[in-house]
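Bear in mind that the values here come from a model prediction, so they are computed numbers and not experimental data.
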Amino acid sequence: MAADALRAAAGTTLLAALLLCALPAAAHRGHAVWTDIAWNGEYFEVTHRMHLADAISVNRFAGGSEPIEDLRSLARVAVYVEERFRIGDGDSAVALQTLGAEIEDDFLFVYQEWHSTLPAAFP
């Protein structure tokens with residue numbers, strides 16, 4: 001009986017150790033861009049937020065070699081977002097105006113505007 005209890009304790013300890021080893025692997029953050037669209041009373045403000053590490057990868061993908069803080073790097077990331085983000089019904093897209101990009105803490109923000117009257121339904 002003591003041997004069974006010892007085996008159960010060893011099994012529980014092994015399980016706990018395996019779970020603790022798996023935690024760092026599960027802690028890796030995913031790659032994502034958060035987009036907020038807000039009506040400000042006259043037009044829509046569109047704000048895209050991405051992790052700085054992802055913005056550095058986008059800058060490199062687009063051919064940039066400067067630090068991400070460089071104005072050319074910020075412009076490259078803003079153009080990358082402008083070319084890929086659309087609001088529309090599939091066949092047509094609304095006209096978005098890209099205003100620029102900036103870094104704040106560990107994020108890069110890209111700002112756009114959509115000048116329109118408040119639609120009855122969002123495209």
Side-chain angles (χ1 to χ4, degrees):
M1 200 154 217
D4 289 336
L6 185 57
R7 272 189 287 250
T12 303
T13 303
L14 179 61
L15 179 62
L18 288 173
L19 287 174
L20 287 175
C21 290
L23 285 177
H28 180 74
R29 67 163 182 78
H31 304 282
V33 175
W34 296 266
T35 300
D36 294 318
I37 302 172
W39 176 252
N40 80 352
E42 297 179 25
Y43 55 87
F44 287 96
E45 296 174 345
V46 182
T47 304
H48 310 278
R49 179 180 70 164
M50 70 180 73
H51 283 280
L52 205 49
D54 295 336
I56 291 169
S57 295
V58 166
N59 182 42
R60 298 290 182 256
F61 174 78
S65 59
E66 306 87 3
I68 194 65
E69 299 83 8
D70 188 273
L71 185 58
R72 289 171 290 199
S73 297
L74 295 174
R76 235 180 248 106
V77 174
V79 168
Y80 179 88
V81 170
E82 179 179 339
E83 290 173 347
R84 286 161 177 79
F85 180 79
R86 297 281 181 264
I87 298 175
D89 60 6
D91 293 332
S92 63
V94 301
L96 296 171
Q97 179 184 1
T98 301
L99 303 175
E102 71 174 344
I103 295 172
E104 188 176 309
D105 296 326
D106 195 31
F107 294 97
L108 186 140
F109 292 85
V110 176
Y111 302 103
Q112 294 181 305
E113 290 179 348
W114 169 25
H115 289 271
S116 169
T117 57
L118 188 59
F122 200 76

*asked:* Checking Ile68 against Val77 for the side-chain contact (heavy atoms from CB on, under 4.5 Å) test, could you report, in this order, the C-alpha distance in whole Å, the side-chain angles of both residues, the deciding distance, and whether it holds?
replied: CA-CA 9 Å; Ile68 194 65; Val77 174; 4.1 Å; yes
_The criterion is side chain to side chain contact (heavy atoms under 4.5 Å, CB included); which residues satisfy it with Arg86, sequence neighbours excluded?_
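Scan of Arg86 (side chain to side chain contact (heavy atoms under 4.5 Å, CB included), adjacent residues dropped) gives Ala93.
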*Can you sort out the partners of Leu71 under side chain to side chain contact (heavy atoms under 4.5 Å, CB included), two or more places apart, ordered by chain and number?*
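Applying side chain to side chain contact (heavy atoms under 4.5 Å, CB included) to Leu71 gives none.
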*Would you find a donor on one side and an acceptor on the other, under 3.5 Å apart, between the side chain of Thr47 and the backbone of Asp36?*
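Looks like no, no N/O pair under 3.5 Å.
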_Checking Phe44 now: which residues fulfil ring pair (Phe, Tyr, Trp, His ring centres under 6.0 Å) with it, not counting sequence neighbours?_
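Only Trp39, Trp114, Phe122 meet the ring pair (Phe, Tyr, Trp, His ring centres under 6.0 Å) criterion with Phe44.
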*Could you note down all residue pairs passing ring pair (Phe, Tyr, Trp, His ring centres under 6.0 Å) where residues 62-84 supplies at least one of them, sequence neighbours left out?*
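Qualifying pairs: none.
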*Is there any ring pair (Phe, Tyr, Trp, His ring centres under 6.0 Å) pair reaching into residues 53-79, and which pairs are they, with sequence neighbours excluded?*
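Ring pair (Phe, Tyr, Trp, His ring centres under 6.0 Å) check on residues 53-79 returns no pairs.
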_Sequence neighbours excluded - salt bridge (charged side-chain N to carboxylate O under 4.0 Å, His left out) pairs with any residue from residues 56-68_ =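 Sorted result for residues 56-68: Glu66-Arg72, Glu66-Arg76.
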*All pairs passing salt bridge (charged side-chain N to carboxylate O under 4.0 Å, His left out) where residues 108-121 contributes a residue, at least two apart*: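 Of all non-adjacent pairs touching residues 108-121, none passes salt bridge (charged side-chain N to carboxylate O under 4.0 Å, His left out).
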Sequence neighbours left out, what passes side-chain hydrogen bond (donor to acceptor under 3.5 Å, both in side chains) with [X]? Give chain and number order.
X      : answer
Thr35  : His48
Ser92  : Asp89
Asp105 : none

Same apolar cluster: [X] and [Y], side chain cutoff 4.5 Å:
X     : Y      : value
Ile56 : Met50  : yes
Val33 : Phe109 : no
Leu52 : Leu74  : yes

*When rounded to the nearest 0.5 angstrom, what is the spacing between CG in Asp54 and CG in Leu108?*
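Going from CG on Asp54 over to CG on Leu108, the span is 10.5 Å.
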Please tabulate, one pair per line, all N/O donor-acceptor pairs under 3.5 Å involving side-chain atoms of residues 95-102, not counting sequence neighbours.
residue: Thr98; atom: OG1; partner: Glu82; partner atom: OE1; Å: 3.0
residue: Thr98; atom: OG1; partner: Gln112; partner atom: NE2; Å: 3.1
residue: Glu102; atom: OE2; partner: Tyr111; partner atom: OH; Å: 2.5

*Begin with the C-alpha distance, continue with both residues' side-chain angles, and end with the deciding distance and a verdict on side-chain contact (heavy atoms from CB on, under 4.5 Å) for Ile87 and Ile37.*
CA-CA 10 Å; Ile87 298 175; Ile37 302 172; 3.9 Å; yes
*Do the side chains of Phe85 and Val110 get nearer than 4.5 Å, heavy atoms only?*
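No, too far: nothing below the 4.5 Å cut-off.
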